[in-house]
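First up is the structure itself, then whatever we jot down about it.
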Amino acid sequence: MAKAVEAMGQSVGATLKSLVGLSIAPEQLQGIQQDYLQQASALWNQALNQPADVKIADKRFAAPEWTQQPGSAFMAALYLLNARTLQRLADNLQGEEKARQRVRFAVQQWADAAAPSNFLAFNPEALAKAVSTKGESITQGLQHLFHDIRQGHMSQTDESVFEVGVNVATTAGAVVFENDYFQLIEYTPLTPQVHETPFLFVPPCINKYYILDLQPDNSVVRYLLSQGHRVFMVSWVNADDNLAQSTWDDYVEHGVVKAIDVTRDITGEDQVNALGFCVGGTLIATALATLAAQGRKPVKSLTLLTAFLDFVNTGTMDVFVDEAMVRMREMSIGPNSPAKGGLMRGGELATTFSFLRANDLVWNYVIGNYLKGEMPPAFDLLYWNSDSTNLPGPMYTWYLRNTYLENKLCQPGAVTVCGVPLDMRRLDMPTFIYGSREDHIVPWDSAYASTQVVTGPTTFVLGASGHIAGVINPPEKKKRSHWTNSARRLPATGQQWMASAQEHAGSWWPVWAEWLASHAGDMVPALRQPGSKQYPVIEAAPGRYVKRKA
């Protein structure tokens with residue numbers, strides 16, 4: 001307890017010291033003040049003389065009720081002016097960079113929360129609906145609020161529409177192995193012949209695996225099966241108290257390495273093709289570098305989707321991580337805690353990620369669910385997003401310290417995993433690396449930085465949209481775009497790569513499928529019976545682990 005209090009004191013002290021050290025140049029402050037007064041005066045005069053011409057170019061105020069009432073239009077326009085001015089002040093602060101980032105983040109959070117659209121008394125659209133429904137919308141909104149309080153999280157979609165194994169995670173298959181950390185699913189082939197080299201998915205353990213198998217028309221798993229691959233999937237367990245002392249090494253050894261070995265045993269192949277998504281990419285890269293140090297190379301090709309190997313730029317997440325914060329976690333749920341472990345609750349992680357895009361993932365639902373009494377539409381991706389998972393504290397805190405805080409994974413020999421020094425330069429297999437241009441969790445230039453860590457033949461593709469929507473982009477929908485670069489040698493930075501990249505309409509999946517086929521071997525007859533004599537079928541996919549709630 002004394003150490004925890006000391007860490008808290010250091011955190012508060014360091015934060016206050018860095019904040020006190022911030023300043024703004026007098027000439028910049030004066031310029032911002034003059035601009036604000038000029039714009040505020042012009043807005044006031046316009047509201048008095050030409051109220052119908054007050055413009056509010058923001059989707060939060062797009063409903064006609066905002067412009068039909070001059071008072072509401074003026075209030076929204078003044079709010080936007082205030083928010084822009086505060087952001088300018090934050091952007092022009094001088095001082096320690098992390099303190100500047102924290103101030104900018106805090107200002108953005110305050111501005112998002114203070115929008116008049118978030119309050120019933122100031123939202124003309126919600127008030128008009130209350131009048132037209134004779135108060136029924138308010139009653140419904142309160143019912144939605146009480147429901148969300150009972151379930152422990154805000155509803156981002158109509159969760160009653162979806163059920164795992166019924167209308168999400170429905171691709172046919174069987175669980176052929178399980179241990180305390182994961183179940184291994186083998187999927188039923190969709191083609192009479194398959195590539196001889198099997199394919200293994202390693203999804204993030206922070207969420208459930210079925211982001212890769214939502215519904216038939218947007219399932220990465222089903223797409224790969226249709227391309228003639230024999231597909232296996234790691235389904236991580238939702239950690240409970242039994243795993244509260246588990247470590248990063250445990251997830252590498254008993255998770256990723258075991259999944260690779262079982263897949264090889266079942267198929268009889270010496271090597272597999274493998275994919276790691278987000279934290280799954282960091283895990284599998286760690287596992288393969290560890291195996292290489294032991295003289296083993298069981299993976300023929302590697303695909304990394306929106307994954308960090310070099311944590312040089314962690315985007316907004318960097319705001320939350322410092323030495324004192326990590327020490328606090330280590331002392332409360334990590335190896336230095338009284339119980340030598342604990343759980344990082346999935347709800348806390350989900351809330352943190354939601355507030356990285358607060359307008360879209362928080363306040364949008366406050367307005368719709370509670371102020372207007374509307375049920376959010378059914379959306380499989382958001383259902384998955386709300387299906388959070390717990391993580392073992394020691395595993396989580398090791399990850400925080402050695403990646404976000406100290407960025408040691410890409411430094412040869414800086415850490416030891418499973419008893420051997422970690423050296424990512426041992427990743428010399430052909431590697432396909434994907435980043436999403438608007439990714440707020442793994443900034444695309446950090447995904448690109450992995451090209452400078454691995455040492456084998458490397459292909460990089462950039463997709464449009466964000467961390468999830470950019471990845472889940474089936475070709476049939478003909479949405480978004482992607483960028484490639486035909487340069488023989490990948491340049492040092494993402495910006496240099498982008499300068500000579502070519503944009504193409506549609507999904508990046510076909511580019512990846514063509515690359516993967518070149519590493520998947522000959523076509524052989526597909527086996528219809530999953531598993532093997534050593535690994536018989538345990539249960540039908542999607543299995544029990546994915547259905548366990550946090």
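Values in this document were obtained by computation on a predicted structure and should not be read as measured data. The analysis underlying the following values was restricted to heavy atoms, covering all of them including side chains, and did not include hydrogens, waters or symmetry mates.
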Note to self: Using every non-hydrogen atom in the two residues, find where Leu305 and Phe277 come nearest and quote the distance to one decimal.
What the structure shows: O-CD1, 3.4 Å

Notebook entry, point to check: Cut-off 3.5 Å, side chains only: do Asp249 and Thr247 have a donor facing an acceptor?
Noted result: no

Next item on the list: For Asn123 and Pro116, indicate whether the former's side chain and the latter's backbone hold a donor-acceptor pair under 3.5 Å.
Entry: no

Note to self: I'd like to check the side-chain contact (heavy atoms from CB on, under 4.5 Å) partners of Lys134; sequence neighbours left out, ordered by chain and number.
What the structure shows: none

Notebook entry, point to check: What are the two closest non-hydrogen atoms of Ser117 and Leu371, and how far apart are they?
Noted result: O-CD1, 3.5 Å

Notebook entry, point to check: Of the non-hydrogen atoms in Ser235 and Val546, which two are nearest, and what is the gap between them?
Noted result: OG-CB, 3.8 Å

Next item on the list: For Gln101, check side-chain contact (heavy atoms from CB on, under 4.5 Å) against everything at least two apart and list the hits.
Entry: Glu97, Arg104, Asp318, Val319

Next item on the list: List for me each residue that meets salt bridge (charged side-chain N to carboxylate O under 4.0 Å, His left out) alongside Arg222, sequence neighbours excluded, and say none if there are none.
Entry: none

Note to self: Once side-chain contact (heavy atoms from CB on, under 4.5 Å) is applied, do any residues pair with Ala289, and if so which ones, sequence neighbours excluded?
What the structure shows: Leu422, Met424, Leu427

Item checked: Exercise: do Asp445 and Asn313 side chains pair donor with acceptor under 3.5 Å -> yes

Check: Does the ring centre of Tyr399 sit less than 6.0 Å away from the ring centre of Tyr396?
Finding: no

Note to self: Any side-chain to backbone donor/acceptor pair from Ser436 onto Glu438? Under 3.5 Å, distance only.
What the structure shows: no

Next item on the list: Locate the shortest heavy-atom distance separating Ala447 from Ile433; write the atom from each residue and the value.
Entry: O-CG2, 3.4 Å

Next item on the list: Apply salt bridge (charged side-chain N to carboxylate O under 4.0 Å, His left out) to Lys129 and list each qualifying residue two or more places apart in sequence or on a separate chain.
Entry: Glu374

Note to self: Under a 4.0 Å threshold between the charged nitrogen and the carboxylate oxygen, would Arg100 count as salt-bridged to Asp91?
What the structure shows: no

Margin query: If we ignore hydrogens and angles and just use 3.5 Å, is the side chain of Asn390 paired with the main-chain N or O of Asp240 as donor and acceptor?
Written below: no

Notebook entry, point to check: Excluding sequence neighbours, so at least two apart, what forms ring-ring contact (aromatic ring centres under 6.0 Å, His included) with Phe320?
Noted result: Phe105

Notebook entry, point to check: Would you say the side-chain atoms of Asn359 and Asn364 include a donor-acceptor pair closer than 3.5 Å?
Noted result: no

Notebook entry, point to check: Does the pair Asp360/Lys59 count as a salt bridge with the N-to-O cut at 4.0 Å?
Noted result: yes

Note to self: Minimum heavy-atom separation for Phe199 and Leu275, please, with both atom names.
What the structure shows: CZ-CB, 3.4 Å

Check: Can you pull the ring-ring contact (aromatic ring centres under 6.0 Å, His included) pairs that have at least one residue in residues 324-380, sequence neighbours excluded?
Finding: none

For residues 161-178, dump all side-chain donor-acceptor pairs below 3.5 Å to protein atoms at least two apart in sequence or in another chain.
residue : atom : partner : partner atom : Å
Asn167  : OD1  : Glu163  : N            : 2.9
Asn167  : ND2  : Val161  : O            : 2.7
Thr171  : OG1  : Asp213  : OD1          : 2.6
Thr171  : OG1  : Asp213  : OD2          : 3.3
Glu178  : OE1  : Gln183  : NE2          : 2.7
Glu178  : OE1  : Arg544  : NH1          : 3.2
Glu178  : OE1  : Arg544  : NH2          : 3.3
Glu178  : OE2  : Arg544  : NH2          : 3.0

Margin query: Is there a side chain to side chain contact (heavy atoms under 4.5 Å, CB included) between Leu391 and Leu349? Walk through the geometry before answering.
Written below: CA-CA 10 Å; Leu391 292 176; Leu349 285 170; 4.0 Å; yes

Notebook entry, point to check: Using a distance-only test with no angle check, is there a side-chain donor-acceptor pair under 3.5 angstrom linking Asn218 and Asp380?
Noted result: yes

Item checked: Thr389 and Asn238 side chains, donor-acceptor separation under 3.5 Å -> no

Next item on the list: Could you pull out all residues at least two apart from Arg345 that satisfy side-chain hydrogen bond (donor to acceptor under 3.5 Å, both in side chains)?
Entry: none

Check: Partners of Lys408 by salt bridge (charged side-chain N to carboxylate O under 4.0 Å, His left out), sequence neighbours excluded?
Finding: Glu406

Item checked: Ser246: side-chain contact (heavy atoms from CB on, under 4.5 Å) partners, not counting sequence neighbours -> Tyr181, Leu243, Asp250, Tyr251, Pro392

Checklist line | Any donor-acceptor N/O pair, Gln156 side chain to Leu361 backbone, under 3.5 Å | finding: yes

Listed pairs under 3.5 Å, donor-acceptor, residues 337-344 side chains, sequence neighbours left out:
residue : atom : partner : partner atom : Å
Ser337  : OG   : Gly334  : O            : 2.7
Ser337  : OG   : Lys340  : N            : 3.3
Ser337  : OG   : Gly341  : N            : 2.9
Ser337  : OG   : Gly341  : O            : 3.4

Item checked: Backbone N/O of Ala113 and side chain of Asn118: donor-acceptor pair under 3.5 Å -> yes

Notebook entry, point to check: Can you list the steps and then say if Asn207 with Asn385 is a side chain to side chain donor-acceptor pair (under 3.5 Å)?
Noted result: CA-CA 8 Å; Asn207 289 97; Asn385 190 58; 5.1 Å; no

Margin query: Show the nearest heavy-atom pair for residues Tyr545 and Asn179, with the distance to one decimal.
Written below: OH-O, 2.6 Å

Check: Any sub-3.5 Å donor-acceptor pair from Thr316's side-chain atoms to Leu356's backbone N or O?
Finding: no

Note to self: Check Glu348 with Arg329, please: is the shortest side-chain N to carboxylate O separation under 4.0 Å?
What the structure shows: yes

